[in-house]
Structure formats: C-alpha cells, structure tokens
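Just below is one structure, and these are the notes that go with it.
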Amino acid sequence: MTENTISPAPSAAPEKDACRGGNATDAAMPQNKSSAAQGRKKLVEVDHIQVQFGNKRHPFTAVDDVSFAIYQGETFGLVGESGSGKTTIGRSIIRINPISKGEIRFDGRRISGKLSRAEDQQITRDIQMIFQDPMSSLNERAKVGYIVAEGLYAPGHNLTEEERTKRVNQALLDVGLLPEFSSRFPHEFSGGQRQRIGIARALVMNPRFIIADEPISALDVSIRAQVLNLMSRLQKERGLTYLFIAHDLSVVRFICDRIAVIHKGRIVELAESEELFLHPLHPYTRALLSAIPQPDPEVEKHKKLLVYDPSVHDYSVDKPAFHEILPGHFIYANGKEMDEYHSMLHQ
Amino acid sequence: MPQETSTQEPLLSVRNLQFEFTLRGQVLHALRGISLSVRKGESLAIVGESGSGKSVFVNTLMGLNAPNGHITGGSILYHGQDLTKLKSNEDWLQIRGGKIAMVMQDPMTSLNPLKTIGYQIQEAVELHQGVHGEEAKKRVFDLLREVGISDPERRYHQYPHEFSGGMRQRVVIAIAVACRPEILICDEPTTALDVTIQAQILGILKQMKEKYSLTTIYITHDLGVVANVADSIAVMYAGDFVETGSCNEIFYDPRHPYTWALLSSLPQLGIKGQDLYTIVGTPPNLFYEVHGDAFAARNPHPLKIDFVRRPPMYRITDTHYVRSWLADPRAPKMDPPEHIRMLREKGIALGVAGPEYGTAVPESGEDAGSISSAAPDGRAVSCKKEASHD
C-alpha cells in the first residue's frame, strides 16, 4: 500500500489523534487537507478492505482494497453500477458480510473480525441500516409496533413494556407517522409510509451512523422528495452520519457532502460532491455523469453520451494507486494518467 | 393530444375512455374519461405516480387488463376499428404483437427462463414475418446485431440467465421489434437498469423507432427519461390526463399545479441544504367518486371551485391542453413556484410560451353554458397543512 491512500495505515495514526486536526500526526493524512474535513472527527474508517465470495478454490473478489473515512455528521455517497460492490461495502460495515483483508473502525475502535459480546451489542445499536425496497424489507406478518420495536427486544436493553412503547411512539412521530399506526400491518401503508417505518425501525435504536442502501430508488418521484427531506431533517436534529448508497448520481449530488465512485469493487474517484461534478477526471466518473437523465429537453437534445472502456487503462507496467490530485480529491491512476489528469485540470 | 388539431389523421384516438375494476363488491374508477390522440411516428410519454392509471391505460390498448376490469364507456379508434368492442382472445391476437407490441418493465421476468434467447426471438419472427428455418435464424442474428448484442451466433444458443439486465432488455426489444408492430409501448423500460445502461437502451429504442418508423408510447415516472425521448407528454393523475402538450410545452410552460409539483420535487433542480419541494398528502382514493379537481386536496393554493366542480379541458395552444381552473380567463392570476418561473423564463427565450389563459373545450355530455356559469373566483384558504405527513 502506498502512503497516498485515503486512510492512513493503522500504525501511522493513533485513533485518539484523529479527532484533532492540524497536529503533527494529522498533517501526514491526506484527507485532512480537505477544507470541509478540517478538524472533523472520523466516525467510520474503512481501511484497505477486501471482500471475497465463493469457496477458497474459486474466490470472487467483490471489493478490493477499498479505503475511505466518513466524518461525523456528514453524508457520504457511494455510487456505482449494479455489481460494483457498493452494497457489499455497506453490508460489511454493518457486519453482514465478513471481510477477508483490512480493517473497519468505528469511532476509533475496530469492529471487523471477532468482538466481545458487549462491543457487539454496542455496535449493533450504533449502526443501523435503511433498506432499498420498503415492500419487501418489512415483516408482512408483524404489526408496525413490533417491527419498529424488534431491535429493542434484543438483550442488553432491559426495557419495560411501557418504556419500549414510549420509544416506538417517539420514533414513529419523528418520521412523521402517528403512534396509532403501531397496531396496523405494513400492507396498509403506501410505499412512502413504509419507507418511513423502515427509517423509524432504524431510529428507535438511537444510532449514530445509518447506512442507507438505495433508500429511494424504489419510490415515486414525489415520495422521493419527502424521504430525502426527512433524512436531512433527522441528520440536522440528531447529528446523524449517513452512508448513502445509490446508483442515481443526481440524488447523490443533492444529499451527499462527499462522493466515492466505485467500479468493479474499487473506488476510482473520491471528492466533495460539487468538486466531483465540476472536475470529473476518471473516465468512468465522466461516463456516469454524462448518462444522468436531465429533466430538461434542451439539455437532453445536446447530450453527449460517454461510454467507459476499461481497456483505456494500461496498468501492465505502470501500476496504479490512489492519488490525491487536489486537496480532498482522490483518484485511482498510474503515473502517466496522473500527468494527463493534471493537464486536464489546468485547462 | 385530446383534440384532432393537426392536419394529420391520428393513428390512435382515445375518446372519453372509462375503465373500472370491481374489487370485493367495490368499484374502483381506474380511468375517469380520458381522451388522447397519437399521431403516426410520434413519441408520446405518459408520466404519473404509481397508481395513477398509466399501466391500466396501456393494458387497455392491448386488452391485457385483469378479468375484473371493464371498459364502461368511451372508445379507442385504431385504423377505424374500435378496440373497446373486441371481446374474444382471438380478436385481440390480431392486434397484440403484430400491430401493438410492448416492452415490459422488468427484463428479468418477461423472458422465459427455460428457452434459449434465439428460440424466443425466432418464435416472434416466424409468427409475424412468415419466414421459417434458416431464413428466420438469419433474421434473428440481424436483430441481435441491431440491438447491440455482439457475437449473435453464440448468443443465439444462450439462456436468459446468461445475460445481464441491460442485455436482457435488448433481447426483449428485439422480440418486440421482430413482430413488426406499428405501435411500440414501453412500460417503464429502464427503471430496473443502471444509468449508463439506461442511456444505451433509450438510444436503441430511438434507433428502432427511426428504422422501423414506429409510433412509441413510453410510460415512466422519470422526467429525465421523458425529456430525452418524448415528442409529446401526457401527465396523468388519479386516472385522468391533467395536462397534455409537446415536450417543450410541458417542461418550459407547465400549467397544471400537479405538473408544477412534479417538476419542483426533482432532486436535479433542488438546491443543496434546502428542503426539496414535496407534494403533501396522498392521491385520492379511486374507490370513491372524485369531486372537483382531483389534485385540489394536495394543491397548496387551491381555488374554491376546485373542490366543487371538475374542471374542463382548456386549450392553451393547438397542442397544449390542461385540465385546471387556473387556465380559465376568470381565474385569479397564480404565481407558480420558483422553479417553474425559472423554467418559464427559459421557455419564453425558446419561444414555447403560450397565451396566459386557455379556452374551455366542452366535453361530450356537457354544454358550454354550464362551464361559464361555474366561475372560478377567489382562492380557498383552507389548505390542510397539518395533513402533510402522508
């Protein structure tokens, strides 16, 4: 691994220093040069992780050498096509998929691999997930009250029935539903309301970090806006941190502070949202941006579609690595490509 | 467009079509008297939320609705033949595929997993083009190349599971085109696909339209897709077309509050850090009769008359029609939301802006006098803001 990666090598950065920007240790960390990230605390650190599926003889590497950090209170976007590994990364942070290499840290503590029981319970509370399809992610046979409360039944909470009901009602109110809905079944609700139930189910645990895996792609245009507004309101009120996984770049631009573009299990470009849209450098990012459908007939008429051809990269001799081309703007490239990207930036 | 205004005879003409489903003794009014004309070679997009009736409408065109649904009024004229009169499956087989073909939403489920791709395309070729054996096989290879599938000789013998989502959708398009239809209906053709693949599929559909001079009807809720493919747009809400017009007219000079709301709620037009515009409430329950303007309850600034009387279609230009009291000359001047004002300015620069008010088009069974007696004046103040949470 080179020094120019997104996350520092574990040995280079003791976690306790991560909260303070500008000290000697932090100066070595590339991401702290980013203006928005200055002095902010890293909540989640994904450090050179690899995820493999299949058996030992025929392994399939879904995620390869991916590193990034998510700061407290920000919305971090992960964008890529289906099969690129974006969901797998989300699932390995919440520990559904085990990682085969690397390390994931939450609030400075390692959360990948084997954990003690107490740590496990704490992480389960702190990290919650919102799923894509509200039609299939809720238990059809349980009432809304139980669906939302289910996490609170886990050992370690020791709540009385009364306290539990109180928290469920509060969670329902927070997402704009009525406590009376507890006694209803999911099929009685519309798509947007179900997604709110899904969000309430995550909120009831008082999480600090929420992984939203395509939370709005199954919803109608008018409902999308409601759910996006709800998510940003909750973020403001509770200081939540989001990992927002999506394939729709227009939505990601609106809601995310920083975006990582992932292709075939590798992050190819990472930058602040506006920077990424202003100066997309990697050919894959440019292809993705060119394909966004714009709700404007004049723009669509003159749209030029770029197609990404992975064979433009010649990595046979000159090996690629993750470089910081501008403060906070990272790209996966080799030496020759870096020169090209630099000259593109100067134009 | 609802009225035949162009000199060209419409290919498909829908008049006051009503469609109902009977469900557990209750009647659901899925289509509430809609009218539309499609010209030959036109590309029409029908936009609306789920449940607005857009799929019911195109299924009616192909006789594919569930058996508990019935046409209760109106007509669909296609080459002088009234499709609403077709009853038996045999009659419909003359229309389906050969005249009107369809590309479904989900390429994962619209192909037979047990038959090879080649078999499934060749089936359509043999049935509709009347060629068999080697000649048919050759045409399948040509079709596969046309939709951008390389190495057709190998692909011919493969099964759907060996294809990716985008490739499968290409196969579905090849099957639809193999029928040599006159009208191609695309029901959410790209919602299950990635953005890059989506752009490619839309490109292929446009190529096919040119090559086989197809008339295409798109159904979608993605306004970005609409801007790319449509010549004209029909906005559907609660089983009714609330606004129809050319692509530029709908995007740069929208008139119906629902169209305003749809365009304003797009994240592409949102400003970061601010809340997106949202449409409050839910669409009306179509099990009950809708009084007045169906959108009134969700409209932030409804008129009093919106709750009383269903507005007639107002003609803005020859191609632009809107079902809203706001288009009546006596209605108070209503400022559209900020985003729409920006779009309008662009529209004025492009020269697509129509006159401020339209003229009412009397519908069958309604005399013009009764419209003029119902004057839209005064705003209703009762806007239920409390009901904003769904």
Side-chain angles (χ1 to χ4, degrees), chain A residues 79-84 173 175-178 181 189-193 196 216-230 232-233 236 247-257 273-274 284 287-301 303 305-308, chain B residues 47-52 164-166 190-200 202-203 221-230 233 246-248 250-252 258 261-280 282-283 298 343 346 350 352 388-390:
Chain A
V79 184
E81 60 193 7
S82 46
S84 60
L173 281 172
V175 298
L177 296 174
L178 298 171
F181 292 175
F189 295 93
S190 67
Q193 284 174 316
R196 284 164 192 264
I216 57 161
S217 47
L219 303 176
D220 260 326
V221 189
S222 59
I223 313 288
R224 280 182 185 189
Q226 291 177 11
V227 172
L228 285 179
N229 284 350
L230 173 68
S232 46
R233 178 170 65 81
K236 271 180 218 145
H247 67 264
D248 187 344
L249 267 168
S250 54
V251 175
V252 173
R253 178 189 200 171
F254 175 75
I255 195 161
C256 292
D257 302 309
S273 316
E274 288 314 306
Y284 181 66
L288 265 189
L289 290 181
S290 80
I292 300 179
Q294 293 293 339
D296 190 329
E298 282 301 307
V299 176
E300 282 289 319
K301 229 182 272 170
K303 172 157 116 172
L305 202 62
L306 301 173
V307 177
Y308 175 54
Chain B
V47 192
E49 284 173 81
S50 45
S52 60
S164 66
T190 57
T191 19
L193 304 173
D194 281 327
V195 264
T196 42
I197 311 292
Q198 165 172 299
Q200 291 167 19
L202 292 179
H221 62 254
D222 189 335
L223 284 161
V225 171
V226 173
N228 185 306
V229 296
I233 300 171
S246 74
C247 191
N248 279 348
I250 297 292
F251 275 100
Y252 299 129
Y258 180 63
L262 264 191
L263 286 168
S264 308
S265 62
L266 289 172
Q268 283 96 326
L269 302 176
I271 298 157
K272 208 166 176 165
Q274 286 180 15
D275 268 5
L276 282 173
Y277 181 90
T278 55
I279 309 176
V280 298
T282 48
R298 304 174 79 187
L343 289 174
K346 204 166 174 183
L350 288 164
V352 289
S388 63
H389 301 312
D390 286 14

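The analysis underlying the following values was restricted to heavy atoms, covering all of them including side chains, and did not include hydrogens, waters or symmetry mates. Within every chain, numbering begins at 1; the chains are lettered A, B, ... in the order of the sequence lines, protein sequences first and strands thereafter.
Heavy atoms of B:Q198 lying under 4.5 Å from chain A belong exclusively to its side chain. Heavy atoms of A:S232 lying under 4.5 Å from chain B belong exclusively to its side chain. Using a 4.5 Å cut-off between heavy atoms, B:L193 touches chain A through its backbone atoms (N, CA, C, O) alone. B:Y252 touches chain A through its side chain: at least one heavy atom from C-beta onward sits under 4.5 Å away, while N, CA, C and O do not. Proximity to chain A involves both the backbone and the side chain of B:V195, based on heavy atoms less than 4.5 angstrom apart.
With respect to chain B, the highest number of heavy-atom pairs below 4.5 Å among A:L306, A:D296, A:L219 belongs to A:D296. The residue among A:I292, A:L305, A:N229, A:V307 with the most heavy atom pairs within less than 4.5 Å of chain B is A:N229.
Of the possible polar contacts, none joining the B:D194 side chain to the B:T196 backbone as a donor-acceptor pair under 3.5 Å is found. No donor-acceptor pair under 3.5 Å is formed between the side chain of A:Q193 and the backbone N or O of A:L177. Formation of a donor-acceptor pair under 3.5 Å by the B:T278 side chain with backbone atoms of A:Q226 is not found in this model.
Between A:S273 and A:V252, the closest side-chain pair of non-hydrogen atoms is not below 4.5 Å.
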I'd like to know whether A:Y308 forms a side-chain hydrogen bond (donor to acceptor under 3.5 Å, both in side chains) with A:E81, so could you lay out the CA-CA distance, the side-chain angles of the two residues, the decisive distance to 0.1 Å, and finally the verdict.
CA-CA 12 Å; A:Y308 175 54; A:E81 60 193 7; over 6 Å; no
Would you check, one step at a time, whether the test salt bridge (Lys or Arg N to Asp or Glu O under 4.0 Å) holds for B:E49 with B:R298?
CA-CA 14 Å; B:E49 284 173 81; B:R298 304 174 79 187; 3.4 Å; yes
